[in-house]
Enquirer: 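Have a look at this one before I ask anything.
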Amino acid sequence: MEHLDLPPMLGARGTVRLPGSKSISNRTLLLAALAEGETSIRDLLASDDTERMLEALQTLGVSFSRDHEACTCVVQGVGGGFPVKAGDLFLGNAGTAFRPLTAALALSGGNYRLHGVARMHERPIGDLVDGLRQIGADVRYEANEGYPPLVIGPGEIALSGPIRVRGDVSSQFLTALLMALPLTGREATVEVVGELISKPYIAITLELMARFGVVVKREQWSRFTIPGGVRYRSPGTIFVEGDASSASYFLAAGAIGGGPVRVEGVGRASIQGDVAFVDALARLGARIEAGDNWMQARAPEGGRLKAFDLDLNHIPDAAMTLAVAALFADGPCRLRNIASWRVKETDRISAMATELRKVGAEVEEGADYLRVTPPKVLRFASIDTYDDHRIAMCFSLVALGGMRVRINDPACVNKTFPEYFDRYAQVTAPVPVVAIDGPSASGKGTVAARVAEALGYHYLDSGSLYRLVALAAMRAGVPLDDEGRVAREAARLDVRFEGARVWLSGEDVTDLIREEICSVGASRVAALPAVRDALLDRQRDFRRAPGLVAEGRDIGSVIFPDASPKFFLTASVEVRAERRYKQLMEKGLPAKLESLSKDLAERDARDAARTVAPLKKLPDAVLLETSDSGVEEAVAFVLNEVGRAPG
Ligand SMILES: Nc1ncnc2c1ncn2[C@@H]1O[C@H](COP(=O)(O)OP(=O)(O)OP(=O)(O)O)[C@@H](O)[C@H]1O
Ligand SMILES: Nc1ccn([C@H]2C[C@H](O)[C@@H](COP(=O)(O)O)O2)c(=O)n1
């Protein structure tokens, strides 16, 4: 499966222009299609869910033109029911297209089939179908009672008493009925049975219907009346607000990662309920500022978010972001009244619990709540995303805890926010890595250690890991060409680094791994792909704040391809042999210059010729040739490139 590795982040800061709201985009598209006249929709969201709606409208005979760059769509309204009276519509996993189209088509007097991806066929729609059948609509289930696919015929629509619809599973059923009923041209009343959830989404529906000329009379949140004789009329031009749910990831990033992170396109004047996310974030101690069209978050005064216990029924989507923010709180957190999560893109309560546990949280899962106890230290995890865009986006925040995280199937964000990870990268600062690759005895280790010290960064001598593997394998009697067994030794290497000293299974082997037998052994095991794989994560774990200087052969190419700057440090074989000779002599170890020179040349050749991660200068690496210069000059050169004056 495709995945995206996010490095640990130092913090978050910056400004993000948000994409258009999904809820507003799909409602506006449908209303513009049903309205009389031409509607120019500005800042329309371009995503999978809006594509599904547009494809459906096209199939149903609605014409529109798009300017992708300007995010504008001009829709020619059909002024009532859809002109095409038969069609097969695939709506993917777009609930905001499926539910309202079901209602509008049930009142359009044609024959239609509506279906989607497998998960869409597991998401209940029975309450909406029951509501539509009360007024004579012909809506049938193709397979399972209560679930899509649906088959719609021309019903005998008769409005007598109020239509009763349940509001406690999804508010989208009520939205669908409200948006479709003006097609009848008659007065219609809808009564909500049970407590209506996600009320702010109904508020969006009513506001947009009003902009298209249909004002609904609302009594509390339980009775809604659409006047008779009304028709949708285009408002001319309509602007789509930035997506308030998408804003939640960036605002949380500001609250967790220092900030300020500012989102533009949505603010206090928004019609979206999810702007209330900032109020929840403020309860966690985050410092919030907001204007009509922007919001901004910074970390709490004390730096740490406060534990919380919140009813989140009114912001079900943005609430997922709080579940991840809970990882950074100063105590156990409770997210209450979130039962609707169970019928979303996936069972979000179960999925979030599973993934939060992977990063080390203790999680209690109830029918309609989650209790999250943050871990003392976050763990690296490979996050499964369940084809759910919001899981992918909110778990990207884990990286702000200084822990790298892997997001599986990152393209699932295309549902609502195709550019999410690019925007995330714009406001986050990865823990920096300086990569120094080069051949044996070129001076990488000496220079890297000195640079790390000057910068106050961590230091990784990756070659020592291959030396340790060779030593461990030899001690275990494993032939160095037995890839599987050597890789197993690599995977279970019990190693500890402390300053310049290295321990293997509790024994100080600092000098031992520098001996010739380990040098040659390391070069051999380093050519085995399974061994390199086994050491990959171990090396990446060295990337910790405030930064890392890493040296080896494939640091810039494989281990940290995003390292910056990258260096290729080298010297002629003769010079390197002399340096190694001197080094060994100083340690009182036996050596012959000639054989050292021959051996270095052989190791260079082996390291450069192997198929996996060969030693080579990368195009984006700075060449540092040290045959004629000393250590001080090399260190100064690197520090200068890093942007830090030596001394
Ligand atoms: N520019 C330089 N001029 C002179 N001596 C140097 C220079 N750079 C490093 N040395 C010396 O060369 C010797 C080998 O350096 P070092 O061990 O750092 O190389 P290395 O590339 O890390 O080797 P290996 O890959 O085998 O671990 C050390 O004694 C070091 O002090
Ligand atoms: N990233 C790395 C580091 C080292 N190796 C190989 C190359 C050498 O033959 C051996 C020992 O490395 P040294 O201590 O001399 O730097 O390990 C590698 O393939 N990739």
Side-chain angles (χ1 to χ4, degrees), residues 435-452 459-471 480 486 490 500 502 509-529 531-536 538-540 542 549-561 563 566-587 589 591 596 599-616 618 624-638:
I436 305 183
D437 287 306
S440 296
S442 56
K444 308 177 301 295
T446 309
V447 173
R450 293 272 303 273
V451 170
Y459 163 55
L460 165 63
D461 164 12
S462 63
S464 67
L465 288 170
Y466 291 94
R467 290 171 182 272
L468 286 158
V469 172
L471 179 62
L480 295 188
V486 178
V502 189
V509 294
T510 314
D511 295 327
L512 198 52
I513 60 167
R514 296 289 145 198
E515 288 186 8
E516 206 46 29
I517 186 165
C518 287
S519 299
V520 175
S523 175
R524 288 179 60 195
V525 299
L528 306 173
V531 172
R532 303 197 76 83
D533 259 9
L535 294 180
L536 195 65
R538 209 182 268 270
Q539 293 174 77
R540 289 189 174 152
F542 277 78
V549 182
E551 54 102 344
R553 307 295 187 285
D554 61 346
I555 298 298
S557 57
V558 176
I559 312 299
F560 300 113
K566 296 176 184 174
F567 298 90
F568 189 78
L569 201 159
T570 190
S572 69
V573 179
E574 297 74 31
V575 169
R576 286 187 282 131
E578 269 170 34
R579 287 178 185 168
R580 179 67 14 111
Y581 179 77
K582 217 170 131 205
Q583 197 178 25
L584 293 172
M585 288 293 118
E586 278 165 12
K587 284 188 180 163
L589 295 168
L596 275 176
D599 189 53
L600 278 180
E602 276 171 17
R603 280 172 59 195
D604 285 357
R606 197 160 43 227
D607 291 344
R610 68 179 175 227
T611 47
V612 279
L615 168 70
K616 63 171 185 209
L618 299 170
L624 181 45
E625 217 309 331
T626 65
S627 298
D628 297 322
S629 56
V631 175
E632 295 305 326
E633 281 165 274
V635 172
F637 181 89
V638 172

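In listed order, ligands and their atoms are each counted from 1.
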Enquirer: Do any nitrogen or oxygen atoms of S442 come within less than 3.5 Å of a nitrogen or oxygen of ligand 1?
Expert: yes
Enquirer: Considering only non-hydrogen protein atoms, determine which one is nearest to atom 28 (C) of ligand 1 and report residue, atom name and distance to 0.1 Å.
Expert: Q583 NE2, 3.4 Å
Enquirer: What do you reckon, does G438 put a non-hydrogen atom under 4.0 Å from ligand 1?
Expert: no
Enquirer: Is there any N or O on R580 that sits under 3.5 Å from an N or O of ligand 1?
Expert: yes
Enquirer: Minimum distance, heavy atoms only, to atom 1 (N) of ligand 1: which one of S629, A441, G445 is it?
Expert: S629
Enquirer: Can you tell which part of R514 has a heavy atom less than 4.0 Å from ligand 2: side chain, backbone, both or neither?
Expert: side chain
Enquirer: Run down the list G463, A550, A526, S557 and name the one with the heavy atom closest to atom 6 (C) of ligand 2.
Expert: A526
Enquirer: Taking 4.0 angstrom as the limit and counting only heavy atoms of S523, give me the atoms of ligand 2 inside it, by number and element.
Expert: 9 (O)
Enquirer: With the threshold set at under 4.0 angstrom, would you say R610 reaches ligand 2 through any of its heavy atoms?
Expert: yes
Enquirer: Heavy atom to atom 15 (O) of ligand 1, shortest distance: which of D437, T446, T570 holds it?
Expert: T446
Enquirer: Determine, considering heavy atoms only, which of G552, A522, A527 sits nearest to atom 11 (C) of ligand 2.
Expert: A522
Enquirer: Does S519 reach ligand 2 with a nitrogen or oxygen that is under 3.5 Å from one of the ligand's nitrogen or oxygen atoms?
Expert: no
Enquirer: Heavy-atom contact under 4.0 Å between K587 and ligand 1?
Expert: no
Enquirer: Using a 3.5 Å cut-off on N or O atoms only, is D554 in polar contact with ligand 2?
Expert: yes
Enquirer: Mind checking whether E551 has an N or O less than 3.5 Å away from an N or O of ligand 2?
Expert: no
Enquirer: Below 3.5 angstrom, do we get any N/O pair linking R603 and ligand 2?
Expert: yes
Enquirer: Any heavy atom of P439 closer to ligand 1 than 4.0 angstrom?
Expert: yes
Enquirer: Looking at every heavy atom in both L480 and L528, which two are closest together, and how far apart are they?
Expert: O-CD1, 3.5 Å
Enquirer: Do me a favour and list the nearest non-hydrogen protein atom to atom 8 (C) of ligand 2 with residue, atom name and distance?
Expert: R553 NH2, 3.4 Å
Enquirer: My understanding is that we take every heavy atom of each candidate and find the minimum distance to atom 3 (C) of ligand 2. Doing that for S440, P614, S462, which one comes out nearest?
Expert: S462
Enquirer: Are G630 and ligand 1 in contact, using a heavy-atom cut-off of under 4.0 Å?
Expert: yes
Enquirer: Select one of side chain, backbone, both or neither to describe which atoms of D607 lie under 4.0 Å from any atom of ligand 2, heavy atoms only.
Expert: side chain
Enquirer: Under 4.0 angstrom from ligand 1, any heavy atom of R467?
Expert: yes
Enquirer: What do we get for R606 next to ligand 2 when only non-hydrogen atoms under 4.0 Å count, side chain, backbone, both or neither?
Expert: neither
Enquirer: Give yes or no for whether the N/O distance cutoff of 3.5 Å, strictly under, is met between R467 and ligand 2.
Expert: yes
Enquirer: Could you tell me whether ligand 1 has any atom less than 4.0 Å away from a heavy atom of R514?
Expert: yes
